Each structure stands twice: as structure tokens, then as C-alpha cells.
Amino acid sequence: MSPSVELYDTTLRDGAQRADLSYTVEDRLRILHRLDAVGFPYVEGGWPGANPRDTEFFKLATKETLQHATLTAFGMTRKAGERADESAVLRELLDAGTEVICLVGKSWDLHVTEALRADLDEGVAMVRDSIVFLRAQGRRVFFDAEHFFDGYVANPRFALAVLAAAEEAGAERLVLCDTNGGMLPFDIARIVGEVRAQASATLGIHVHNDAGCAVANTLIAVDAGAHQVQGTINGYGERTGNADLIPISADLILKMGRDDALPEGAVERLTDLAHYVAEIANVTPDSHQPYAGRFAFTHKAGLHTSGVARLSAAYEHVAPEVVGNRRGVVASDLGGTATLRMKATELGVPLADDDIPGLLTSLKELESRGYTFDAADASLELLMRKAHGWTQSFFRVESYKANVEERWDEGAVAEATVKVLANGERHIETAEGHGPVGALDNALRKALTNAYPQLDDMALEDFRVRVLGEQGEQGTGSVVRVLIDTSNGEREWTTVGVSENILEASWEALVDAYTYGLLHPRETSEA
Ligand SMILES: [Zn+2]
């Protein structure tokens with residue numbers, strides 16, 4: 001049975017329009033898999049043809065196995081005066097190879113006459129022809145009616161004519177977009193209700209947050225009869241962002257009785273999902289985000305935790321555990337014993353009951369110093385193993401150093417020297433790199449591959465640095481957190497290091513990356 005409301009995530013497409021954000025292809029694949037694991041039914045991957053990265057992403061993503069999510073591609077209708085079967089944009093969309101295509105078209109008369117300099121009949125035909133063409137190629141089509149609400153206010157006849165054409169042509173969803181993001185909930189409720197009375201196809205809602213109403217507008221649209229909800233994780237998006245699917249999912253499930261919007265248990269993963277996407281996007285998580293922020297359930301000092309604990313319903317709109325968050329002042333982001341156990345099982349780490357208190361204490365301490373394990377599963381796994389009494393016996397670092405030298409002919413070149421003991425031998429290696437971290441990576445790799453040739457498969461994929469200066473969060477000035485993504489062609493892992501010194505933080509993350517790589521060698525060798 002199909003759910004009572006259908007969530008459609010566009011973090012990878014509309015969310016990527018945010019000014020300070022850019023995803024690599026690997027980042028996108030990871031976010032896709034996480035959304036799939038949590039149970040989002042539709043994930044929009046990008047606009048194929050808009051840039052090489054989007055095209056590359058679809059090439060890889062369409063080969064991935066997904067459990068819950070259907071991957072969709074986004075693109076624009078044919079141009080004015082063009083034939084649909086000659087449209088390069090539609091061709092790229094087909095080439096992306098997804099079962100579902102989300103097609104955007106103009107539904108505000110002003111955009112047709114002024115921006116496209118076309119007449120209104122042609123405006124309608126652009127939508128109809130494009131959908132007919134895509135349907136004839138066997139694709140399912142969702143139609144995003146761009147600027148629908150402004151268009152409906154200006155010229156309801158034209159806006160509705162566009163929807164009718166899309167529906168007749170075979171669009172399964174008519175998604176009403178507040179592209180400018182300026183609508184208020186009252187307008188949204190009225191207009192969705194009026195359209196509902198006239199269109200028989202399933203409606204959707206896609207709103208931006210320019211008037212600060214994106215979440216409210218989405219919920220009221222659902223109440224007025226919209227079925228599909230488009231939005232992004234953490235509300236990422238152009239300008240002030242899109243509708244945030246974190247509070248929207250929680251509200252729909254916990255407060256509006258739409259508990260089939262996500263699979264059972266998914267709502268408990270929302271906090272983790274919000275933090276995970278923030279880490280991958282390298283955006284500082286919003287500590288005050290509804291439901292998922294680390295302070296979302298932290299009560300003002302003086303209003304006593306004891307009172308809250310005794311009578312939590314009097315102080316909290318929902319229990320924090322319901323969305324995978326926790327109450328109170330800084331404790332482990334991993335929450336309590338139950339979450340930690342769940343995580344250990346997920347990572348395949350043996351953890352005994354009496355390992356847990358010590359582990360919780362050290363996690364709490366590490367997090368207060370700026371560590372985060374939302375994305376750095378590999379470092380977390382190593383910590384858990386250590387809590388269970390494991391010590392790595394692969395190598396021991398004697399010393400390392402790195403420096404940068406400005407050369408008259410080559411510019412700045414970094415050089416690093418690493419001394420390690422591995423397999424009973426001492427290895428001293430020096431290597432160069434574009435930066436000091438690259439040089440350290442090269443030197444450590446050289447030193448270790450002598451003892452462990454299997455490390456040849458390993459490659460450092462990405463490297464993210466964040467300066468943690470936020471007052472009240474760290475209090476120590478400029479602590480630096482480094483996240484390193486490593487791959488051996490078979491699996492990928494993320495490690496973390498924190499220090500006031502960027503090289504020390506990077507080194508810590510590198511050592512974890514190599515340790516993890518040795519612990520989990522490739523199962524198949526590369527031919
Ligand atoms: Zn949008």
C-alpha cells in the first residue's frame with residue numbers, strides 16, 4: 001500500500017544550490033545511501049547535463065542497489081519553439097537512465113511572456129510535448145510547476161491550464177512550487193484547496209523558506225490535500241533554503257498521524273541523518289535545529305533537569321529519544337547505552353556490558369574537545385574495539401615531521417618524514433606532497449607498504465577541515481577538526497582527528513585511516 005504522504009528528497013539537487021556547499025560525486029553517493037537506508041521513497045540525484053558532476057553521478061548511482069529509494073533525475077521542459085524530440089535537455093534526462101523524471105516547467109504567465117518571449121499557448125505546449133515525449137520513452141514523470149503560487153495569483157487560468165496539460169500528458173504528480181518562497185500558510189492552504197478541487201492527479205508541494213514559512217507551508221499543504229512533499233535535509237537550498245525534511249518528517253509522523261511516511265523505526269534516525277548530511281556537506285550543524293539540534297532538548301539552566309526528568313511532558317513537546325536525540329547538556333552525541341549497543345552491532349564490534357560506561361565517558365570527553373563521530377564511523381569502531389581491550393599491533397609511530405618549503409622554480413612544496421616500527425622492523429621514509437598532509441600521507445604509505453603491501457589499494461579520497469571556534473561550544477579558541485575519507489576500492493571509511501594544530505589533527509585521522517585499512521583489507525584483489 002502506498003503511504004498517506006510521500007516524501008521526496010532533493011538535498012542532492014535543490015539542496016546543492018546553497019551558496020557555501022558543494023558535494024563530490026562520492027559525497028552524493030553516500031548521502032543517497034543514507035537516505036535510502038532511512039527509507040525515503042524518492043531521492044532526486046541532480047540535473048543530468050547541467051554540469052559534468054551531475055552526469056557522472058547518474059552514471060554511478062543508477063548502478064547502485066537501493067532498498068527503499070527510487071532515484072529520480074530533474075530537468076527542464078523543451079525550449080520555446082523547439083521540438084521535444086530535438087531537445088538536448090530532454091535527451092540528457094533520458095540518458096541519465098532513471099525510471100522517474102521530475103520535469104520542471106513554467107506556470108506563471110509572466111515568465112512565459114517576459115522571460116521566454118513566447119505566447120501562452122506555446123507555454124502550455126512546452127509542458128505537454130515534453131511530458132508526452134518522456135512518457136513515450138517509458139519514463140514515469142512528476143511535474144514541478146515552477147512559481148505556481150505566484151502564477152496562480154497572477155493568472156489562475158494559465159496556471160491551471162499548465163497543470164491540466166501536464167496531467168493529460170501523463171504526469172503522475174503535479175507538484176506546486178513556491179519558487180520565490182514568499183507565500184504565507186493561509187495562501188498555500190487556500191490555493192492547494194482550490195487546485196485540489198480541479199485536478200484529479202496527485203498533488204505535491206515544493207516550497208522555499210524566504211518568508212520563514214517553508215515547514216509550515218509544507219504541513220498546511222499536506223493538510224489541504226497535497227500528497228507528495230519535496231524538501232531537503234536540514235533545509236539546505238538556495239538563499240534561505242528549502243523546506244527542512246527533518247522537522248517535516250517528524251511533524252508528519254509524530255503529530256499529523258502520517259506515521260507511514262517513513263518505515264518503522266526511521267523517525268529515530270532523523271537526528272543521526274541530519275548530522276550525517278551536515279558532516280558530509282561540511283556545513284556546521286545547526287545546534288538549535290528543531291528535533292535534531294544538539295540543544296533541541298537542552299533545558300535552560302535553573303529550570304532543573306530534575307523537574308524535567310520527573311515531568312518531561314510538561315517541558316518537552318516530544319521525548320528526545322523518539323527522534324534519536326537526547327535531553328540535557330553536552331553528553332555523548334551517541335546518547336545512551338542502547339544507542340551505543342545498536343551502533344556496535346551495526347559496526348560488527350563485540351562490546352560487553354562492562355565496556356559501556358568507560359566508553360561513554362571517553363566519548364563524552366572526546367566530544368567536548370571537538371570530536372564528532374556522526375560521519376567518522378571508522379574512528380568510532382577503533383574506539384569501541386579499544387574499549388573492549390583491543391590494541392592495534394600493526395605499527396607503532398616513532399615520530400613524524402612535515403615542513404613546507406618555497407622553491408624558486410616549483411613554488412611551495414611540502415616534505416614529510418615518518419619513522420614507524422612495523423612487523424619488527426624500523427622504517428624511515430621521506431616523501432613530498434602538494435601540501436603537508438599529502439606529504440605525510442605519502443610518507444606513511446611508503447613506510448607501511450613495505451610491511452603491508454595490501455595498503456597499495458588504499459587511497460585518501462577527501463579531506464575536510466573545520467575550525468571550531470564557536471563560543472560556548474569549545475571555549476578554547478581555534479581547535480581544528482579534520483575528517484579524512486579513505487577508500488580501498490571495495491569500502492570507504494571516515495576518520496577524525498582534533499587538535500589546535502592542523503598537522504597533529506590530520507596525523508591522528510591518517511593513523512586511524514591506515515589502522516582501519518589494515519583491519520579491513522580488501523576481500524578481493526584488484527586484477
Ligand atoms: Zn526549488
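Because the structure is predicted, anything quoted here is derived from the model rather than measured. Residue numbers count from 1 along this sequence. Note that ligands are numbered from 1 as they come in the structure, with each ligand's atoms numbered from 1 the same way.
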Query raised in the report: With under 30° as parallel and over 60° as perpendicular, where do the rings of Y516 and W493 fit, or are they tilted in between?
Result: tilted

Requested in this report: Measure from the Zn ion (ligand 1) to each N, O or S atom of C177 and report whether any distance is below 2.8 Å.
Outcome: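 Under 2.8 Å: C177 has no N, O or S contact with the Zn ion (ligand 1).
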
Query raised in the report: Any chance the side chains of Y236 and Q17 put a donor and an acceptor closer than 3.5 Å?
Result: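 Side chains of Y236 and Q17: no pair found under 3.5 Å.
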
**Report entry** Under-4.0 Å salt bridge between E492 and R30
**Finding:** yes

Query raised in the report: Roughly, to 10 degrees, what angle do H208 atom NE2 and H206 atom NE2 form around the Zn ion (ligand 1)?
Result: 100°

Query raised in the report: Crowded around R83 CZ? As in, over 12 foreign heavy atoms under 6.0 Å?
Result: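 No, the 6.0 Å shell around CZ holds no more than 12 heavy atoms from other groups.
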
Query raised in the report: Got an N, O or S from D14 under 2.8 Å of the Zn ion (ligand 1)?
Result: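 Looking at D14, which is the residue asked about, there is an N, O or S atom under 2.8 Å from the Zn ion (ligand 1).
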
